[in-house]
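The sequence lines fix the lettering, A, B, ..., with proteins before strands; numbering per chain opens at 1.
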Protein chains: 2
Amino acid sequence: MREIAKECDILAGSVYYHFKSKDEIITEILNLGIERVTDSVVTALAQIEGNASFRNCLHAAVRAHLQAFHVYGDYTATHLRNFKQAPPDVQLACKKARDDYENIWIGILERGRKDRALLPDIDLGLQRLLLIGSMNWTLEWFHPQGKYTLDELADSVVRMFMDGCAVRAEAD
Amino acid sequence: MREIAKECDILAGSVYYHFKSKDEIITEILNLGIERVTDSVVTALAQIEGNASFRNCLHAAVRAHLQAFHVYGDYTATHLRNFKQAPPDVQLACKKARDDYENIWIGILERGRKDRALLPDIDLGLQRLLLIGSMNWTLEWFHPQGKYTLDELADSVVRMFMDGCAVRAEAD
DNA sequence: GTCTATAGGATGATAGAC
DNA sequence: GTCTATCATCCTATAGAC
């Protein structure tokens, strides 16, 4: 609380005029994090043409998700890093926003299946969690100014999810 | 420190007979975490036959990595969850063990390329980080007693990494 | 809306007895 | 090897003045 107050050039006690408790601050930060990444993905999807392929939609969503915490998003990065460690009632207060965001991804992948762009025999729930996991874990190692650009990262994520890395038998 | 001591049925001050500081305890826990997952993967790779395919090797390593923090591994899970937030000198004290473990995965994927099992034009460094990320993030959502078994999880990870989820054009 | 002042408790760590 | 006792500092939060 003292550090937060200092950043605002006030003293610790004064923060309690704006927020009832530390947990209320955390709740607001975590919810802002989900709102930002939701906005980022929704906006990206709205900007592509109506007849874009599933692959292009997926690519736009992946890029927007990654951008949300690597380029703009302190709130989103904080959400990803700290949600699991937050107190139970704080986690509960984020549930709706998290579910809404999850449903966006469920919708994206379901569309892929409907378009026959995704294999019919895979578990979309499991694949979705692995896809999002591969993106979220980039918080641990990716730096936008480093060896790879964010666009290269997004390309690789889509490519691994869609095509994999294996050499296919030529007789396929 | 008081909680750690309680778990050992001693008092907080007595812990300092065994460890110089809290950071020394953290360092030891984090290093144990890497040692355990390293052992798990090395053992799994040693147990498969010498002429096993790259895909089988990868599968064994993936399964061992996931087992290390979902079945046995409190130390490994703690490492994954807390390394990034640990003090700089603690992180430094884990560097060697982490590099050694990373090199195991680099070796696995390089073998895949040498065997022509992996596409020649992908960046193995980037793919490795995405693969490991998709596994490590399962800490956030996977429960061994839940909807999916650990074996199903391992299968899905390998399948996404190798084959992807996209329907391939039949004319390929 | 911010301040001063402080309550009430937790924290990491130490000194010296046993 | 563990204890008692404690230091010095940190923390979240509150009450009341300005």
*Asks:* Answer yes when A/Lys147 and B/Asp123 have at least one side-chain N-carboxylate O distance shorter than 4.0 Å, and no when they do not.
*Replies:*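 B/Asp123 and A/Lys147: not salt-bridged.
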
*Asks:* Between C/dG12 atom C1' and B/Tyr17 atom OH, what is the distance in whole Å?
*Replies:*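 B/Tyr17 atom OH is separated from C/dG12 atom C1' by 20 Å.
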
*Asks:* Could you give the CD-to-P distance, from B/Glu24 to C/dG12, as a whole number of Å?
*Replies:*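 Spelled out: CD on B/Glu24 to P on C/dG12 is 15 Å.
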
*Asks:* Calculate the interatomic distance between A/Phe19 atom CZ and D/dT12 atom P; express it in whole Å.
*Replies:*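 Taking atom P of D/dT12 as the reference, CZ of A/Phe19 is at 14 Å.
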
*Asks:* Base, sugar-phosphate, or nothing for B/Ile10, non-hydrogen atoms under 4.0 angstrom?
*Replies:*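 Sugar-phosphate: the residue B/Ile10, judged by heavy atoms under 4.0 Å, touches backbone atoms but no base.
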
*Asks:* Closer to the 5' end of DNA chain C via nearest nucleotide, is it A/Ala12 or B/Gly13?
*Replies:*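 Taking each residue's closest nucleotide, the earlier one in sequence belongs to A/Ala12.
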
*Asks:* Should B/Asn82 and B/Ile29 count as side-chain neighbours, where that means a heavy-atom distance under 4.5 Å?
*Replies:*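 Sidechains of B/Ile29 and B/Asn82: no contact.
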
*Asks:* In whole angstrom, what separates A/Arg2's CZ from D/dC11's P?
*Replies:*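 Distance, rounded to whole Å: 6 Å.
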
*Asks:* Let me know the distance between CE of A/Met1 and C1' of D/dT12, rounded to the nearest Å.
*Replies:*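 Atom CE in A/Met1 sits about 7 Å away from atom C1' in D/dT12.
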
*Asks:* Taking only Lys NZ, Arg NE, NH1 and NH2, and the carboxylate oxygens of Asp or Glu, determine whether A/Arg159 and A/Asp155 approach each other closer than 4.0 Å.
*Replies:*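 Not counted as a salt bridge, because no side-chain N and carboxylate O are separated by less than 4.0 Å.
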
*Asks:* Could you state the NE2-C1' distance from A/His18 to D/dA13, rounded to the nearest angstrom?
*Replies:*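 After rounding, the reported distance stands at 15 Å.
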
*Asks:* Could you tell me how far apart A/Glu3 (CD) and D/dC10 (P) are, to the nearest whole angstrom?
*Replies:*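 For the pair A/Glu3 CD and D/dC10 P, the rounded distance is 11 Å.
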
*Asks:* Can you check whether A/Ser14 has a side-chain N or O nearer than 4.0 Å to OP1 or OP2 of C/dG1?
*Replies:*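 So the side-chain polar atoms of A/Ser14 never come under 4.0 Å of the phosphate oxygens OP1 or OP2 of C/dG1.
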
*Asks:* Counting only side-chain N and O atoms of A/Tyr16, is one of them less than 4.0 Å from OP1 or OP2 of D/dT14?
*Replies:*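 No, outside the criterion.
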
*Asks:* Salt-bridged, B/Arg168 to B/Asp163, with N to O below 4.0 Å?
*Replies:*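 Looking at B/Asp163 together with B/Arg168, the answer is no, because their closest N to O distance does not fall below 4.0 Å.
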
*Asks:* Between B/Lys6 (NZ) and D/dT2 (P), how many Å, whole number?
*Replies:*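 Nearest whole value for this atom pair: 17 Å.
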
